[in-house]
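Data first, discussion second: the structure below is written as structure tokens.
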Number of protein chains: 2
Amino acid sequence: MALADQPPPILRNRLLMTLPPEEFARLWPQLEPVELPLRKVFQEPGKPLTSVYFPETGWFSILAYMEDGDAAEVGLVGREGMLGLPVLLGGDTEDLEGMVQAPGTALRMDAGAFREELQFLPAFRTLLLRYALVHHGQVARTAACNGRHQLEQRLARWLLMAHDRADGGEFTMTHEFMSMMLGVRRAGVTVAAGQLSKAGFIRYKGGHIEVTDRPGLESVTCECYGVVRRACDALLGQAATARDVYRR
Amino acid sequence: MALADQPPPILRNRLLMTLPPEEFARLWPQLEPVELPLRKVFQEPGKPLTSVYFPETGWFSILAYMEDGDAAEVGLVGREGMLGLPVLLGGDTEDLEGMVQAPGTALRMDAGAFREELQFLPAFRTLLLRYALVHHGQVARTAACNGRHQLEQRLARWLLMAHDRADGGEFTMTHEFMSMMLGVRRAGVTVAAGQLSKAGFIRYKGGHIEVTDRPGLESVTCECYGVVRRACDALLGQAATARDVYRR
DNA sequence: CATTTTCAGTCCGAAATCGCACGGTGGCGG
DNA sequence: CCGCCACCGTGCGATTTCGGACTGAAAATG
């Protein structure tokens with residue numbers, strides 16, 4: 001069922017929220033709410049792109065696959081962004097994968113319609129291109145951060161980024177999965193997470209993580225978190241303060 | 001002096017070569033040849049972007065700066081690309097740095113004029129957006145490659161990418177600089193380069209490196225080289241074969 | 001030609017991480 | 001209530017890389 005038939009729900013995707021009303025009105029009927037089930041893959045390497053997604057709650061990991069089957073996380077996409085940038089930039093396939101890391105909902109749009117509509121939505125197009133730039137900056141920072149910074153710093157960064165995109169202070173995540181995202185051993189994450197836990201910054205119980213002290217985490221992470229965060233805030237901050245963005 | 005006053009030289013930038021004649025004709029008078037002196041910085045973090053550059057010979061390293069002053073290379077831009085993607089995507093400043101890693105020449109264009117002209121050059125715009133996607137893929141691969149793959153593999157990859165963008169089989173490069181690009185110790189590069197040298201893949205003498213066996217290098221590098229190379233070939237291959245692209 | 005600087009090769013102990021493996025714990029289904 | 005299984009904590013030797021330093025050779029400098 002198209003959203004046009006419904007009273008407007010609370011819109012949470014920050015890109016869409018930033019649009020001028022007339023452009024949003026045009027876009028609105030073409031957006032379809034979809035569920036984002038945990039671990040589902042919405043964008044497979046090599047396959048044609050049929051849709052773009054604007055997360056409302058929950059978020060995606062953007063993964064690059066190695067030939068040994070390992071996946072490396074190169075970026076995150078939550079309600080500050082959009083999944084399917086290649087469609088915007090004129091690619092027909094994707095070689096990265098988008099996997100749901102935290103379940104939730106998104107607004108889906110057909111890739112063809114998206115391409116079509118962009119002609120008539122200059123503000124949308126401009127905004128998305130700037131988002132592509134911000135996302136590019138995120139990936140570039142990840143490249144720089146990987147291999148230079150210590151595991152504990154990178155884990156703290158990852159937790160902060162995840163927390164920014166989570167709805168509450170809490171989310172489902174095992175050491176095993178974090179180790180895959182960070183490209184390290186599971187045991188390594190256990191040790192690093194143990195430090196953070198001992199310091200009182202986080203708490204976990206059976207595949208559930210709760211961030212209890214953001215400033216604490218920020219004090220142990222590397223600068224890479226702040227660099228990416230500020231770039232993102234600068235893009236979206238025109239319409240709302242960071243407080244509105246990341247805390248309900 | 002503008003290029004319009006001169007007989008057309010041999011154009012070597014692959015993006016520009018791919019343009020349809022009528023669009024190129026419009027662009028041509030606005031391109032100004034500039035030298036790319038070794039190590040010169042053409043795009044400084046935080047500063048407004050005044051120009052975009054299309055390398056003809058030589059190439060840039062794209063660097064992310066850490067707060068300790070270290071620089072991490074996140075991508076390369078040679079004659080297959082363009083320096084100044086943020087201008088295309090609507091950013092006014094850059095937070096990455098473009099440093100000349102191999103000296104040569106480029107065609108410069110004013111950023112404002114570039115933005116203006118894009119409205120009238122649809123093929124150019126489309127091509128550049130696709131290039132932005134390819135470059136994004138390169139950075140994403142670098143993120144995945146850093147920290148997962150061994151130094152020797154990454155060094156081989158770097159040498160191959162540099163060789164692709166170099167004019168001959170030879171280029172100026174010290175262990176010291178490669179270590180900075182790869183984010184490892186200089187001594188580490190010496191050891192890894194020693195392996196490659198012993199295997200007969202490369203040869204060096206006093207800050208000069210010569211690639212003597214490309215297939216050999218390709219046999220020891222990780223898949224990351226091929227993944228990025230193929231994406232780039234796919235973008236530019238419409239107009240020329242890979243042979244024309246990378247070997248004079 | 002003598003001096004200085006740059007570059008490459010090597011060695012050391014230390015740190016981080018790896019790969020593997022074992023044991024404990026707690027939730028959940030039978 | 002019990003057993004299973006996902007998850008977490010931990011230990012150990014091996015490997016890679018680090019940080020620092022020293023040396024000789026080659027190139028640049030004066």
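A note on names: the letters A, B, ... follow the listed sequences, proteins ahead of strands, and every chain is numbered from 1.
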At 4.0 Å (heavy atoms only), tell me whether [X] reaches a base, stays on the sugar-phosphate, or touches nothing.
X	answer
A:Gly147	nothing
A:Val184	sugar-phosphate
B:Thr174	sugar-phosphate
A:Gly188	nothing

Checking the side chain of A:Asn13 only, and the main-chain atoms of A:Glu56 only, is there a donor and an acceptor separated by less than 3.5 Å? no
Backbone N/O of B:Gln43 and side chain of B:Glu94: donor-acceptor pair under 3.5 Å: no
[X] [atom1] to [N] [atom2]: how many Å, rounded?
X	N	atom1	atom2	result
B:Arg185	C:dG13	CZ	C1'	12 Å
A:Arg154	C:dT17	CZ	C1'	11 Å
B:Ile209	C:dC7	CD1	P	12 Å
A:His208	D:dC7	NE2	P	11 Å
B:Arg148	C:dT17	CZ	C1'	14 Å
A:Arg203	D:dG9	CZ	C1'	19 Å
B:Leu155	D:dT16	CG	C1'	15 Å
B:Met178	D:dT17	CE	C1'	17 Å

Whether A:Tyr53 and A:Phe60 hold their rings parallel, tilted or perpendicular, with breakpoints at 30° and 60°: tilted
Walk me through it: do A:Leu63 and A:Met180 pass the test side-chain contact (heavy atoms from CB on, under 4.5 Å)? CA-CA 10 Å; A:Leu63 305 173; A:Met180 291 195 280; over 6 Å; no
Nearest to side-chain heavy atoms of B:His175, which nucleotide of C:dA8, D:dT17, D:dG9: C:dA8
Ranking C:dC20, C:dC11, D:dT17 by distance to the side chain of B:Ala187, first place goes to C:dC11
For the base of D:dG9, is there a side-chain donor-acceptor partner from A:Arg186 under 3.5 Å away? yes
B:Tyr204 side-chain N/O to D:dA25 phosphate OP1/OP2 under 4.0 Å: no
Any side-chain donor-acceptor pair under 3.5 Å between A:Arg203 and A:Thr212? no
Assuming nearest nucleotide by heavy-atom distance, tell me which of B:Met173 and A:His149 is located more 5' along DNA chain C. B:Met173
